[in-house]
Amino acid sequence: MQLPPKVTERAFARLAEIGAADQGQALRVAVEGGGCSGFQYEIALDAPQNDDLILEGQGQKVVVDEVSLPFLENAVIDFTEELIGARFVINNPNATSSCGCGTSFSM
């Protein structure tokens with residue numbers, strides 16, 4: 001059984017803060033080939049599509065396409081603010097290694 005990714009309250013709160021749903025947008029989290037470790041995350045505001053998995057909270061949506069879903073099984077989508085900046089992050093238990101920037105990983 002495939003467990004979908006989880007989205008933290010902090011991530012939904014950030015989407016609400018930037019007004020994503022008010023603009024008809026959702027946070028799209030996708031996995032593509034490439035990057036220094038083999039796969040890379042693509043994170044962007046986008047309109048939900050018919051075949052997307054939609055995760056909802058606080059009136060906001062996070063969407064994952066069906067091709068990316070197996071790579072994000074049981075992952076956690078979060079938002080972090082650090083001295084170097086603020087960003088959405090993916091904590092992926094399926095990744096066997098990742099690059100220093102956290103946007104590229106291998107399985």
Side-chain angles (χ1 to χ4, degrees):
M1 182 169 98
Q2 194 174 56
L3 297 173
K6 298 173 188 73
V7 182
T8 67
E9 291 299 314
R10 191 170 37 211
F12 282 130
R14 179 59 179 161
L15 287 170
E17 187 179 307
I18 62 176
D22 297 337
Q23 302 167 37
Q25 302 286 300
L27 183 72
R28 177 169 301 282
V29 179
V31 174
E32 298 179 349
C36 55
S37 297
F39 296 100
Q40 62 188 4
Y41 299 113
E42 181 70 32
I43 300 172
L45 290 179
D46 192 15
Q49 303 297 316
N50 289 338
D51 59 346
D52 286 337
L53 169 71
I54 300 175
L55 306 164
E56 296 185 73
Q58 299 183 27
Q60 304 298 313
K61 295 178 181 177
V62 173
V63 296
V64 179
D65 64 86
E66 61 185 29
V67 173
S68 299
L69 201 51
F71 297 101
L72 295 168
E73 182 179 0
N74 210 26
V76 177
I77 301 163
D78 197 7
F79 182 77
T80 183
E81 292 184 76
E82 300 169 354
L83 290 175
I84 60 171
R87 63 188 177 127
F88 288 97
V89 295
I90 313 295
N91 297 313
N92 191 341
N94 305 303
T96 56
S97 65
S98 64
C99 66
C101 66
T103 61
S104 179
F105 67 100
S106 62
M107 293 183 77

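By convention here, the first residue in the shown sequence is residue 1. Being a predicted model, the structure only gives us computed values, none of them experimental. The basis for the numbers below is simple: all heavy atoms, side chains too, and nothing from hydrogens, waters or symmetry mates.
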* Residue of the set Val29, Thr80, Leu15 for which side chain to side chain contact (heavy atoms under 4.5 Å, CB included) holds with Phe88 ->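 It is Leu15, the one option of Val29, Thr80, Leu15 that forms the side chain to side chain contact (heavy atoms under 4.5 Å, CB included) with Phe88.
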* Asked: Can Ile18 be reached from Val7 by stepping across I, L, V, M, F, W or Y side chains whose heavy atoms are under 4.5 Å apart?
  ->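 The answer is yes; both residues are in one hydrophobic cluster.
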* Closest contact, heavy atoms only, Ser68 versus Ala30 ->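 Between these two residues, the closest heavy atoms are OG-CA, 3.4 Å.
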* Quick one: closest heavy-atom pair of Asp46 and Arg28, and the distance? =>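 Taking every non-hydrogen atom into account, OD2-NE, 2.7 Å.
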* Asked: Between Gln60 and Ala21, is there a donor-acceptor pair closer than 3.5 Å when you use the side chain of the first and the backbone of the second?
  ->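 Between the backbone of Ala21 and the side chain of Gln60 there is a qualifying donor-acceptor contact (under 3.5 Å).
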* Is there a chain of hydrophobic side chains (I, L, V, M, F, W, Y, each step under 4.5 Å between heavy atoms) that links Val63 to Leu53? ->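 As far as the 4.5 Å side-chain criterion goes, Leu53 and Val63 are not connected within one cluster.
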* **Shortest non-hydrogen contact between Glu81 and Ala86, atoms and distance** =>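 Heavy atoms only, the tightest pair is CG-CB, 3.7 Å.
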* Is it true that a side-chain atom of Gln40 and a backbone atom of Val31 form a donor plus acceptor pair closer than 3.5 Å? ->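 Looks like no, no N/O pair under 3.5 Å.
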* **Exam field: side chain Asn94 to backbone Glu73, donor-acceptor pair closer than 3.5 Å** =>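 Yes, because the side chain of Asn94 sits within donor-acceptor range (under 3.5 Å) of the backbone of Glu73.
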* **Option among Asn74, Leu72, Val76, Ile77 that satisfies the side chain to side chain contact (heavy atoms under 4.5 Å, CB included) test with Asn92** =>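 In the set Asn74, Leu72, Val76, Ile77, the residue that makes a side chain to side chain contact (heavy atoms under 4.5 Å, CB included) with Asn92 is Leu72.
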* Is Asp52 paired with Lys61 through a side-chain N to carboxylate O contact shorter than 4.0 Å? ->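 No, Lys61 and Asp52 are not salt-bridged.
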* To do: State plainly whether one hydrophobic cluster holds both Phe39 and Val64, where clusters connect Ile, Leu, Val, Met, Phe, Trp and Tyr through side-chain heavy atoms under 4.5 angstrom apart.
  =>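 Result: yes, single cluster for both.
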* **Pairwise distance CD(Glu9) to CG(Asp78) - rounded to 0.5 angstrom** =>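 Rounded to the nearest 0.5 Å, the CD-CG separation comes out at 10.5 Å.
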* **Neighbour count >12 (heavy atoms, 6.0 Å) for atom CD, Gln23** =>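 Buried by this count: over 12 neighbours within 6.0 Å.
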* What about Tyr41 and Leu45, same hydrophobic cluster or not, with Ile/Leu/Val/Met/Phe/Trp/Tyr joined at side-chain heavy-atom distances under 4.5 Å? ->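 Yes.
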* With the side chain counted from C-beta on, respond yes when Pro5 and Ile90 share a heavy-atom pair under 4.5 Å apart, and no when they do not. =>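 When only atoms from C-beta onward are counted, Ile90 and Pro5 do not touch, as no gap falls below 4.5 Å.
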* To do: Report whether Val67 and Leu27 are members of the same hydrophobic cluster (ILVMFWY, side-chain heavy atoms less than 4.5 Å apart, transitive linking).
  =>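 Per the 4.5 Å side-chain linkage, Val67 and Leu27 are not co-clustered.
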* Please tell me if the side chains of Val89 and Phe79 come closer than 4.5 Å, counting only heavy atoms from C-beta onward. =>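 Sidechains of Phe79 and Val89: no contact.
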* Give the minimum heavy-atom separation between Pro48 and Gly24, together with the two atoms involved. =>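 Smallest interatomic distance, heavy atoms only, reads CD-O, 4.1 Å.
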